[in-house]
Chemist: 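Here it is, the structure, as structure tokens.
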Amino acid sequence: MRLAYGCMGLADVARAEAAVVAAYESGIRLFDHADIYGGGVAESVFGEVLARHPGLREEIAIQTKCGIVLGGAEGGNAYDLSREHLLRSVDGSLERLGVDHVDRLLLHRPDPLAHPDEIAAAFDTLSAAGKVASFGVSNMDAAQIAHLHAVVRQPLDANQVELGLGHRDLIEAGVLVNHPDGRTYAAAPGLLEFCTDHDIAVQAYGALAQGRFTGRPRSPEDEAAGLLVTRYAAELGTTPEAVVLGWLLKHPAQIVAVIGTTDPARIRACADSEEVAEAMTRTQWWSLWTAARGVSVP
Ligand SMILES: NC(=O)c1ccc[n+]([C@@H]2O[C@H](COP(=O)([O-])OP(=O)(O)OC[C@H]3O[C@@H](n4cnc5c(N)ncnc54)[C@H](OP(=O)(O)O)[C@@H]3O)[C@@H](O)[C@H]2O)c1
């Protein structure tokens with residue numbers, strides 16, 4: 001199953017339980033957290049859902065992230081990948097979730113002051129204590145991952161980045177290599193290829209684009225692409241959500257889409273995205289991309 005459930009929006013136990021059950025019944029087994037989601041509330045309510053469903057913990061994988069310090073700078077946030085912060089953050093997550101270990105820890109964002117040796121030391125401590133089973137990163141480029149890879153002893157097996165029909169930079173930057181339009185993208189080309197070559201799962205957040213193509217457009221391009229999404233959903237006998245996700249899952253990088261809607265019906269509407277990716281024609285895929293970007297590729 002190449003869908004994961006993003007727990008950022010979980011805020012009260014009853015709604016969280018309905019969302020988690022819908023995700024589980026849709027075949028999802030990977031649940032994505034961070035220490036900062038809801039200031040810790042998302043992990044706490046998830047812990048209560050686990051307590052209500054004995055046996056669920058053993059059937060799912062829980063991943064959390066650390067490294068963002070909300071309000072850590074005067075007038076803004078800061079990132080902290082120091083050993084001390086990583087260890088303290090994981091202990092807090094385990095306590096809120098009510099579990100003895102997480103299946104994966106992601107470094108949420110790159111910290112320019114971080115020393116790779118300290119990250120390696122923290123990973124060793126967390127690994128030896130049995131608190132974290134595997135490690136990955138988020139919002140990092142290929143050079144940053146390679147830099148860490150050279151120092152940490154555990155494999156980095158996931159990179160979570162913003163990617164989808166509503167945020168196509170990582171795909172577009174690769175296609176527009178050596179083209180003037182390519183310079184407008186924040187992403188450097190090659191990250192998807194790097195992750196594939198190093199067995200690093202690409203996890204995509206923003207995969208549903210906050211509903212921009214399924215009823216909540218923010219621009220004329222969103223509206224045009226949304227109309228196509230609706231038409232292709234009818235043609236493929238599926239839901240608009242599965243078409244939006246199918247577009248992403250059709251990419252050969254074996255991307256895992258992290259869906260963040262808390263609406264149980266919307267969660268269930270995502271279930272057959274992988275089959276839709278298989279069934280989607282090249283013409284449909286390119287047409288969705290063209291509509292979403294608003295102009296043809298060169
Ligand atoms: N690594 C990172 O830096 C990072 C950053 C952001 C998020 N994430 C992860 O990725 C997950 C997904 O977050 P996202 O913001 O990227 O979410 P998304 O799945 O693209 O969008 C979900 C959000 O859009 C809203 N929405 C409104 N109308 C919708 C519609 N028609 N279809 C779908 N959603 C609609 C949802 O509200 P309702 O709940 O009311 O449906 C929800 O707030 C998060 O939960 C988190 O786990 C990671």
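One-based numbering, in listed order, for ligands and for the atoms of each. Values below: all heavy atoms of this structure, side chains included; hydrogens, waters and symmetry mates excluded.
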Chemist: Is there a donor-acceptor contact under 3.5 Å linking the side chains of S127 and R153?
Modeler: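 Not at all, the side chains of S127 and R153 share no donor-acceptor pair under 3.5 Å.
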Chemist: Could I get the full list of ring pair (Phe, Tyr, Trp, His ring centres under 6.0 Å) partners for F31, not counting sequence neighbours?
Modeler: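 F46.
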Chemist: With ring centroids as reference points, do F194 and H198 lie under 6.0 angstrom apart?
Modeler: yes
Chemist: According to side-chain hydrogen bond (donor to acceptor under 3.5 Å, both in side chains), does anything in residues 72-82 pair up with another residue at least two apart or in another chain? List the pairs.
Modeler: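 Passing the test, one end in residues 72-82: D80-S82.
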Chemist: With salt bridge (charged side-chain N to carboxylate O under 4.0 Å, His left out) as the rule and sequence neighbours excluded, what pairs involving residues 127-142 come up?
Modeler: D91-K131
Chemist: Give the residues near ligand 1 by chain and number, with the criterion being a heavy-atom distance under 4.0 Å.
Modeler: G6, C7, M8, D32, Y37, K65, H108, R109, S138, N139, Q160, Y205, G206, A207, L208, A209, Q210, G211, T214, R216, V258, I259, G260, T261, T262, D263, R266
Chemist: For R15, does the CZ atom have more than 12 heavy-atom neighbours from other residues, nucleotides or ligands under 6.0 Å away?
Modeler: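 Check fails, neighbour count at 12 or below.
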